[in-house]
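What follows is one structure encoded as structure tokens, with my remarks underneath.
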Amino acid sequence: MLRKVLIGILLVCCGLFALFFLFVTLVPLGTWQFDDSERIAAESAFYEELSAHSCLTAADIRSAAAQRDWLVQEHQTFDWCISESGLQDWMSVTIEPAFMMSTEDENRRYFGFDANGCSVDWSYSTCN
């Protein structure tokens with residue numbers, strides 16, 4: 001009886017190994033898209049369009065994002081540590097297509113605005 005159980009377990013293990021081998025050899029890795037070139041091109045085109053403005057406003061950003069059907073969100077505050085001070089308003093644009101295996105936050109681009117309503121280049125900083 002024990003011998004039949006051991007032979008059964010051995011046959012199941014051999015069958016699982018055979019299935020694994022077939023999967024590895026027959027499923028091409030090319031079916032999984034790790035190529036972010038489309039995403040990078042979309043973001044570059046977006047920034048290229050925005051660079052035409054000397055004072056980039058929230059309306060300009062909203063318009064460019066709307067043409068691409070991208071999500072725009074207004075933010076009252078930005079809780080991360082940044083090196084610039086005096087930025088009054090914040091907005092984010094969710095760039096599509098998303099980066100593979102990334103969070104929502106990683107797919108957003110944040111814009112901060114000064115008292116004149118112009119977008120200001122900012123960078124992350126250490127919190128003091």
Side-chain angles (χ1 to χ4, degrees):
M1 177 70 173
L2 182 60
R3 179 181 242 175
K4 288 181 181 181
V5 171
L6 290 176
I7 291 173
I9 291 173
L10 182 63
L11 288 173
V12 168
C13 289
C14 288
L16 290 174
F17 178 76
L19 286 174
F20 175 74
F21 180 77
L22 285 173
F23 176 79
V24 169
T25 57
L26 296 178
V27 176
L29 290 178
T31 59
W32 296 331
Q33 297 297 322
F34 293 107
D35 184 12
D36 286 325
S37 60
E38 184 180 344
R39 152 57 187 220
I40 293 167
E43 186 172 5
S44 295
F46 179 66
Y47 280 120
E48 181 70 27
E49 181 178 337
L50 296 180
S51 70
H53 302 277
S54 60
C55 173
L56 181 61
T57 65
D60 297 327
I61 297 169
R62 218 177 276 108
S63 173
Q67 290 174 9
R68 294 161 172 82
D69 199 28
W70 291 350
L71 176 66
V72 176
Q73 293 178 306
E74 307 288 331
H75 303 278
Q76 297 302 318
T77 60
F78 191 66
D79 295 329
W80 296 347
C81 297
I82 60 170
S83 58
E84 288 69 23
S85 61
L87 298 182
Q88 313 229 333
D89 293 309
W90 290 91
M91 77 181 330
S92 66
V93 175
T94 303
I95 309 293
E96 295 290 339
F99 280 126
M100 170 105 175
M101 301 178 73
S102 61
T103 65
E104 285 184 31
D105 218 32
E106 292 169 332
N107 288 307
R108 289 187 189 128
R109 293 299 170 255
Y110 291 88
F111 298 88
F113 301 92
D114 62 15
N116 297 323
C118 298
S119 178
V120 175
D121 287 335
W122 58 272
S123 59
Y124 296 103
S125 177
T126 57
C127 296
N128 296 327

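Nothing here was measured: the structure is a model prediction, and the numbers come from that model.
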Could you tabulate the donor-acceptor pairs under 3.5 Å formed by side-chain atoms of residues 112-121, not counting sequence neighbours?
from: Asp114; atom 1: OD1; to: Asn116; atom 2: N; distance (Å): 3.0
from: Asp114; atom 1: OD1; to: Gly117; atom 2: N; distance (Å): 3.1
from: Asp114; atom 1: OD1; to: Cys118; atom 2: N; distance (Å): 2.9

Table please: side-chain donor-acceptor pairs of residues 90-97 below 3.5 Å, with sequence neighbours left out.
from: Ser92; atom 1: OG; to: His75; atom 2: NE2; distance (Å): 2.8

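With sequence neighbours excluded, no residue satisfies side-chain contact (heavy atoms from CB on, under 4.5 Å) with Ser54. Not counting sequence neighbours, Ser44 has no partner by the side-chain hydrogen bond (donor to acceptor under 3.5 Å, both in side chains) test. For Ser51, the side-chain contact (heavy atoms from CB on, under 4.5 Å) criterion is met by Glu48, not counting sequence neighbours. Taking the side-chain hydrogen bond (donor to acceptor under 3.5 Å, both in side chains) definition, one finds that Ser63 meets it with nothing, sequence neighbours left out. Every residue was checked against the ring pair (Phe, Tyr, Trp, His ring centres under 6.0 Å) condition with His53, not counting sequence neighbours, and none meets it. Looking at residues two or more places apart in sequence or on another chain, you find a side-chain contact (heavy atoms from CB on, under 4.5 Å) between Leu2 and Leu6. For Thr57, the side-chain contact (heavy atoms from CB on, under 4.5 Å) partners at least two apart in sequence or on another chain are Cys55, Ala59, Asp60. Remark: Gln67 engages no residue in a side-chain hydrogen bond (donor to acceptor under 3.5 Å, both in side chains) (not counting sequence neighbours).
Of all non-hydrogen atoms in Ala64 and Phe46, the two that sit nearest each other are CB-CE1, 3.6 Å.
Screening residues 49-58 for salt bridge (charged side-chain N to carboxylate O under 4.0 Å, His left out) gives Glu49-Arg68 as the qualifying pairs, with residues at least two apart or on separate chains.
Distance check: Leu56 CG to Tyr47 OH gives 10.0 Å after rounding to the nearest 0.5 Å. Atom CG of Leu50 and atom CZ of Arg109 lie 12.5 Å apart (nearest 0.5 Å). For the atom pair CD (Gln73) and OH (Tyr110), the distance works out to 7.5 Å, reported to the nearest 0.5 Å. Asp36 CG to Glu43 CD: the interatomic distance, rounded to the nearest 0.5 Å, is 10.5 Å.
Within 6.0 Å of the CD atom in Glu104, the count of heavy atoms belonging to other residues, nucleotides or ligands does not exceed 12. Around atom CD of Glu106, more than 12 heavy atoms belonging to other residues, nucleotides or ligands sit under 6.0 Å away.
Trp70 places no side-chain N or O within donor-acceptor distance of the main-chain N or O of Arg62, the cut-off being under 3.5 Å.
Side-chain heavy-atom separations under 4.5 angstrom define the hydrophobic clusters, and the remaining members of the one that includes Leu11 are Ile7.
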